[in-house]
Amino acid sequence: MSKSNEQVLDAVVVGTGMAGLYMIKRLNDQGLKIQAIEAGSGVGGAWYWNRYPGCRADLPIIEYSYSFSKELQQEWDWTEVMAGQPEIESYLNYTADKFDLRKDIKFNTKVTDAVYDEAANLWTVKTDQGDTFTCTYCIMATGCLNEPNYPGFKNADAFTGDVYHTAQWPKDGVDLTGKRVAVIGCGSSGVQSIPVMAKQAKELIAFQRSPVYTFPAKNAPMNPKFLAQAKVDYDSIREQQRNNEMGICNYRGPKKPKDPNVAPKPRPSKKIMDLTPEQRKQEIKDFGINVLTLYADTYFNAEANEIASQLYCEYLQEFLGDDQKADALSPKNYPLHCKRPVIDTEYYGAFTQDNVSIVDLRATPVEEVTATGIRTSDKHYEFDVLVYATGFDAMTGTIKKLNIRGRDNMQLSEQWENGPRMYMGLQSAGFPNFFTTTGPGSPSVVSNVLHSIEQHVEWIDNCIAYLRENNIKTIEPELAAQDAWVEHVNEAAKGSMMTAPTCNSWYLGSNIDGKPQGFMPYLAGTKTYREECEEVVAKGYEGFSLAS
Ligand code: NA7
């Protein structure tokens, strides 16, 4: 049930994914009057919307799960190592129920406006359901991958068959049995869904603009003994995550005592440049293709990266044994590690099926959508179902669409016209008491994002508590501190393969036509970033302007 529209609330939280749910809990624990607003009919955010076949976590779930509640950690029994969307959605529903969070959420409602009234020092938040909420703090927990991207193909609406986007997949699922299916896009969503859809569909055509580097997920049913041990070890797991720059500790379970009669296995080399060509191939044989993600020099050294990229393409050629498919699927024109890592389950295996084909849009671009299919520069393809796996207007898309106005009626989308400007990914100058979880300029999507979410939620919650305890009316970044932070974020990304000249990714905004380009997340690492956030607080919220 929603709160009375007359009531002045302490806070409005927008979005009830992993960040929103934890934010509600923390603010409830402080005893604040709050309202959360959710566009979906249920909680889960990205894990509510992305219910396409094959959707699953790309990190081991033991580490990609809430750490804030020891009880929750002990109560929830994961059934897979890399849990799938249905299980994660159930877990988030369980979390919402356990901490009684639904009472604060208005579902099926989209925020349209958030406007700051300087005289009253209040935000007025409006929704598409006609609500008006007034609050002191406005917190956008809208996530980084929320606004689906539909490519602007000529005659896009002409297709008369069924059309879906992976990020807006129907709740009741889609029966593809006997259907001819076209999938546009081969990023994570395409890579995860294609093998599953290919098992059902009569025919599947993958329309691919950029081939991906993808690595086997090695998912498996959760071993009950491993899970039981993880529950014992959780304190240490979380501590190790906090001490790692990605928020990941690669928990392997209990260390087994070494057998003195068995020679220890060799460890993969740290640098690909230290190996001879023969040794490189041997390491792939010994450790699998995933070894290419372990060589530290491939992340910053273009020559090392080129070697790894070539080895990847050779491996693919050998695996597929089909020149047309291997050539089309080979990511030759941009470096490894440029995009967010893609983790797959039998992706290339799907292309060995006779009913699966690939269209290389680099060679034959889409000319138009027709009533029955897609025409490329080469030929017309007919199908019954069109699936867009074309990703998101990431990190800024949702926020820029809303009418968010701060001091002097200044609009956030205008302030961000040439790219997002935030201090520490938490606040934007001119927008007092307005916070963003995992905003641009924080590690967010270049880390274990749930780890980063928890850190942000706790920082914001502690900040609000501090303001209230000290009768401070507003907090917002100083412009100079914000400018310096944006510069610092750019510096941190320099030299990384993620900003290589041939790299095109949603981190850079280059996946969306006309979007200003610049590397949005903060690459220095989660440990470094958390320490920087703590230091800012220790120095009396250095770089923020606090007014009583
Ligand atoms: P991604 O990773 O942005 O992938 C989108 C895919 O769609 C990618 O292959 C794009 O090719 C392709 N795309 C986008 N626009 C077009 C057009 N106009 N024509 C052809 N192909 C196009 O989104 P995902 O949903 O797969 O994954 C997002 C994140 O979710 C992922 O990183 C994980 O963290 C989970 P491109 O590469 O731009 O050439």
Side-chain angles (χ1 to χ4, degrees), residues 13-23 38-40 43-50 55 57-59 64 85 88 92 111 139-149 165-168 185 187-189 246-248 338-343 389-402 404 412-413 416 419-428 434-457 459-460 486 489 492-493 498 504-512 515-526 529:
V13 177
V14 187
T16 63
M18 289 174 149
L21 289 178
Y22 184 32
M23 195 79 244
E38 170 55 54
V43 301
W47 295 108
Y48 168 91
W49 294 105
N50 288 272
C55 179
D58 54 12
L59 285 176
Y64 182 71
Q85 178 274 334
I88 300 176
L92 294 173
V111 166
I139 301 159
M140 303 301 288
T142 41
C144 296
L145 297 165
N146 188 27
E147 191 61 35
N149 169 42
H165 194 293
T166 46
Q168 293 176 323
S188 254
S189 306
M246 297 288 288
I248 299 168
C338 133
K339 298 175 192 249
R340 190 179 152 90
V342 176
I343 303 295
T390 42
F392 303 85
D393 182 352
M395 306 204 69
T396 55
T398 304
I399 288 185
K400 278 184 79 174
K401 255 178 74 177
L402 306 182
I404 298 170
L412 193 66
S413 58
W416 288 12
R421 300 199 71 79
M422 299 202 84
Y423 181 43
M424 310 199 85
L426 285 159
Q427 281 206 298
S428 222
F434 183 90
F435 298 92
T436 307
T437 57
T438 61
S442 71
S444 65
V445 286
V446 287
S447 67
N448 172 350
V449 72
L450 182 48
H451 182 75
S452 290
I453 282 172
E454 288 191 320
Q455 186 258 336
H456 257 195
V457 166
W459 194 96
I460 293 168
V486 172
V489 169
M498 291 178 183
N504 152 37
S505 75
W506 55 262
Y507 290 150
L508 290 160
S510 49
N511 63 326
I512 302 290
K515 185 165 174 169
Q517 294 194 22
F519 192 76
M520 292 183 278
Y522 179 44
L523 252 189
T526 47
Y529 174 76

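Start at 1 with the first residue, then count along the sequence. What's counted below: heavy atoms across the whole structure, side chains too, no hydrogens, waters or symmetry copies.
- In this structure, the side chains of Ser188 and Arg340 stay at 4.5 Å or more apart for every pair of heavy atoms.
- Using a 4.5 Å heavy-atom cutoff, the side chains of Asn50 and Phe392 are in contact.
- In terms of heavy-atom proximity, Ile88 sits nearest to Ala57 at CD1-CB, 3.9 Å.
- Between the side chain of Gln85 and the backbone N or O of Cys55 there is no donor-acceptor pair closer than 3.5 Å.
- Between Thr437 and Ala141, the closest heavy-atom pair is OG1-CA, 3.3 Å.
- Nearest heavy atom pair, residue Pro521 against residue Val445, reads CG-CG2, 3.8 Å.
- Heavy atoms only, all atoms of each residue included: Thr438 and Ser444 are closest at CB-CB, 3.5 Å.
- Atom CE of residue Met23 and atom CD1 of residue Ile453 lie 12.0 Å apart, to the nearest 0.5 angstrom.
- Residues Met498 and Ser505 fail the side-chain proximity criterion, which asks for heavy atoms closer than 4.5 Å.
- In this structure, CH2 on Trp416 lies 8.5 Å from NZ on Lys400, to the nearest 0.5 angstrom.
- With rounding to the nearest 0.5 Å, the separation of CG in Leu523 from OG in Ser447 is 10.0 Å.
- Across Val489 and Phe519, no two heavy atoms sit closer than the pair CG1-O, 4.2 Å.
- Considering every non-hydrogen atom in both Met520 and Leu508, the closest pair reads CE-C, 4.5 Å.
- For the pair Thr398 and Met140, the minimum side-chain heavy-atom distance is 4.5 Å or more.
- A donor-acceptor pair is defined here as one N or O able to donate and one able to accept, closer than 3.5 Å; no such pair exists between the side chain of Gln168 and the backbone of Trp49.
- Under the rule for a side chain to side chain contact (heavy atoms under 4.5 Å, CB included), the partners of Ala389 that lie at least two apart in sequence or sit in another chain are Thr166, Val183, Ser189.
- Listed by chain and number, the residues in a side chain to side chain contact (heavy atoms under 4.5 Å, CB included) with Gln517 are Ser510 (sequence neighbours excluded).
- Residue Ser442 holds its OG atom at 6.0 Å from CE of Met395, rounded to the nearest 0.5 Å.
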Note to self: The test is side chain to side chain contact (heavy atoms under 4.5 Å, CB included); show your working for Ile248 and Tyr64 and say whether it passes.
What the structure shows: CA-CA 8 Å; Ile248 299 168; Tyr64 182 71; over 6 Å; no
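- Residues Ser428 and Phe434 are not in side-chain contact: their nearest non-hydrogen atoms beyond the backbone lie 4.5 Å or more apart.
- Separation of atoms NZ (Lys339) and CG (Asn504) is listed at 4.5 Å; rounding is to 0.5 Å.
- Residues that satisfy the ring pair (Phe, Tyr, Trp, His ring centres under 6.0 Å) test with Trp459, not counting sequence neighbours, are Tyr541, Phe544.
- Here the side chain of Thr390 pairs a donor or acceptor atom with the backbone of Asn149 at under 3.5 angstrom.
- For the ring pair (Phe, Tyr, Trp, His ring centres under 6.0 Å) test, no residue two or more places apart in sequence or in another chain qualifies with Tyr48.
- When atom types are taken as modelled, the side chain of Thr16 and the backbone of Leu21 share no donor-acceptor pair closer than 3.5 angstrom.
- The side chain to side chain contact (heavy atoms under 4.5 Å, CB included) check on Asp393 picks up Glu147, Thr396, Ile512, Lys515, with sequence neighbours excluded.
- The shortest distance between side-chain heavy atoms of Trp506 and Leu145 falls below 4.5 Å.
- Side-chain contact between Val446 and Met246 is absent, with no heavy atoms from C-beta onward closer than 4.5 Å.
- Note that CG of Leu426 is 11.0 Å distant from CD1 of Ile139, once rounded to the nearest 0.5 Å.
- Applying the ring pair (Phe, Tyr, Trp, His ring centres under 6.0 Å) criterion to Tyr522, with sequence neighbours excluded, gives Trp485, His488, Tyr529.
- Here the side chains of Pro443 and His451 are not in contact, with every heavy-atom distance at 4.5 Å or above.
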